[in-house]
Structures are given as C-alpha cells and as structure tokens.
Amino acid sequence: MRIGLNMSVLGQDRLTGVGLVARDSAEKLIQRYPRDLFVVSGLFPRAARRRIEQWSWLQRRNVIFAPLWLPARIFGDVGNWWQAIGRPRVERLMGSLDVFHQYDWFHLPSRAPQSVTLFDS
C-alpha cells in the first residue's frame with residue numbers, strides 16, 4: 001500500500017503537543033508496517049530543513065520524503081492558498097496514493113481516500 005502523510009505540522013520552530021504526537025505516530029506507523037510505502041510530504045519552511053532531515057525514520061527503506069521547502073515569509077500563506085484553491089492535488093508532489101493521512105490544521109487536496117488525526121484544544 002502507498003500511504004501519503006501530510007507532515008506540514010513538523011515545520012514549526014519548536015514542536016509542541018500536536019507536532020510531537022504527529023511525528024511519533026508517523027514514526028510508529030512506518031516501523032509497524034515495513035511492507036507499506038510511506039510518502040512523507042508537506043509544506044516546510046527552509047529554516048527547518050536541517051532539523052527535519054536528521055530524523056532517522058525519514059531514512060527508512062519504506063519512506064519517500066517529498067518535501068516542499070518554502071521561505072518562512074510565505075509558508076503560512078501558501079498553505080492557506082493551496083487549501084482554498086484545492087489545486088494542485090498532492091499527487092503531483094507525492095505520486096499516486098492508496099490513502100492520504102493528514103495531521104495538520106490545513107488539509108491538502110488529494111484524490112485518494114483520506115483520514116485525519118483530530119486534536120482537542
């Protein structure tokens with residue numbers, strides 16, 4: 001199965017509850033299902049690149065990391081625009097997906113069946 005994960009929430013300067021839970025649950029899913037292929041993507045500020053690329057779970061054989069690195073000044077605007085317009089679909093960045101899971105407050109458009117982790121406030 002080819003599973004897409006929107007991990008844009010990991011682009012925060014300092015991970016808080018939502019980011020930590022998203023990162024840890026994605027890592028556990030990837031470890032638990034080594035026969036499935038996980039395409040990890042999302043919008044990330046360029047300043048977070050060094051920190052994010054050091055996470056060992058992104059280096060596993062069953063992971064394709066397909067980030068969209070953006071300047072910090074337009075990071076939030078691009079996410080809001082992408083969600084509002086609904087195009088392009090994430091498949092242009094991630095390829096064909098069997099399912100697309102999202103952890104973030106904005107949802108990227110996809111043709112694949114989707115699931116979302118909701119966090120209370």
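Count residues from 1 along the sequence.
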Query raised in the report: Does anything in residues 69-84 pair up under side chain to side chain donor-acceptor pair (under 3.5 Å), and if so which pairs, sequence neighbours excluded?
Result: none
Enter the distance from [X]:[atom1] to [Y]:[atom2] here, rounded to the nearest 0.5 Å.
| X | Y | atom1 | atom2 | value |
| --- | --- | --- | --- | --- |
| Asp98 | Arg2 | CG | CZ | 8.5 Å |
| Arg23 | Lys28 | CZ | NZ | 10.0 Å |
| Asp24 | Leu29 | CG | CG | 11.5 Å |
| Leu5 | Ser41 | CG | OG | 9.5 Å |
| Glu27 | Phe38 | CD | CZ | 12.0 Å |
| Ile64 | Leu58 | CD1 | CG | 12.0 Å |

Query raised in the report: Is the number of heavy atoms from other residues, nucleotides or ligands within 6.0 Å of CZ (Arg51) greater than 12?
Result: yes
Query raised in the report: Quick one: do the Ser96 and Glu91 side chains pair a donor with an acceptor below 3.5 Å?
Result: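 Judged by distance alone, the side chains do not pair up.
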Are side-chain heavy atoms of [X] and [Y] found at a separation under 4.5 Å?
| X | Y | answer |
| --- | --- | --- |
| His101 | Thr117 | yes |
| Val18 | Tyr103 | no |
| Tyr33 | Asn62 | no |
| Phe100 | Met94 | yes |

Requested in this report: Using the six-membered ring wherever Trp is involved, compare the ring planes of Trp55 and Trp57 and label them parallel, tilted or perpendicular (cut-offs 30° and 60°).
Outcome: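 Rings of Trp55 and Trp57: parallel, under 30°.
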Query - Shared hydrophobic cluster for Ile85 and Leu70 (ILVMFWY, side-chain gaps under 4.5 Å) - result: yes
Requested in this report: State plainly whether one hydrophobic cluster holds both Leu20 and Ile52, where clusters connect Ile, Leu, Val, Met, Phe, Trp and Tyr through side-chain heavy atoms under 4.5 angstrom apart.
Outcome: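 Looking at the clustering, Ile52 is in the same group as Leu20.
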Report task. Could you check Val90 against Asn6 for side chain to side chain contact (heavy atoms under 4.5 Å, CB included), going step by step and ending with a plain yes or no? Result -> CA-CA 9 Å; Val90 296; Asn6 175 10; over 6 Å; no
Query raised in the report: What pairs with Arg49 under side-chain hydrogen bond (donor to acceptor under 3.5 Å, both in side chains), at least two apart in sequence or on another chain?
Result: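 So Arg49 forms a side-chain hydrogen bond (donor to acceptor under 3.5 Å, both in side chains) with Glu53.
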Please find the pair of heavy atoms, one from [X] and one from [Y], that lie closest to each other, and give the distance.
| X | Y | result |
| --- | --- | --- |
| Ser8 | Leu43 | OG-N, 2.8 Å |
| Pro109 | Pro88 | CG-O, 3.6 Å |
| Pro34 | Arg32 | CD-O, 3.2 Å |

Query raised in the report: Is it true that a side-chain atom of Gln102 and a backbone atom of Gln114 form a donor plus acceptor pair closer than 3.5 Å?
Result: no
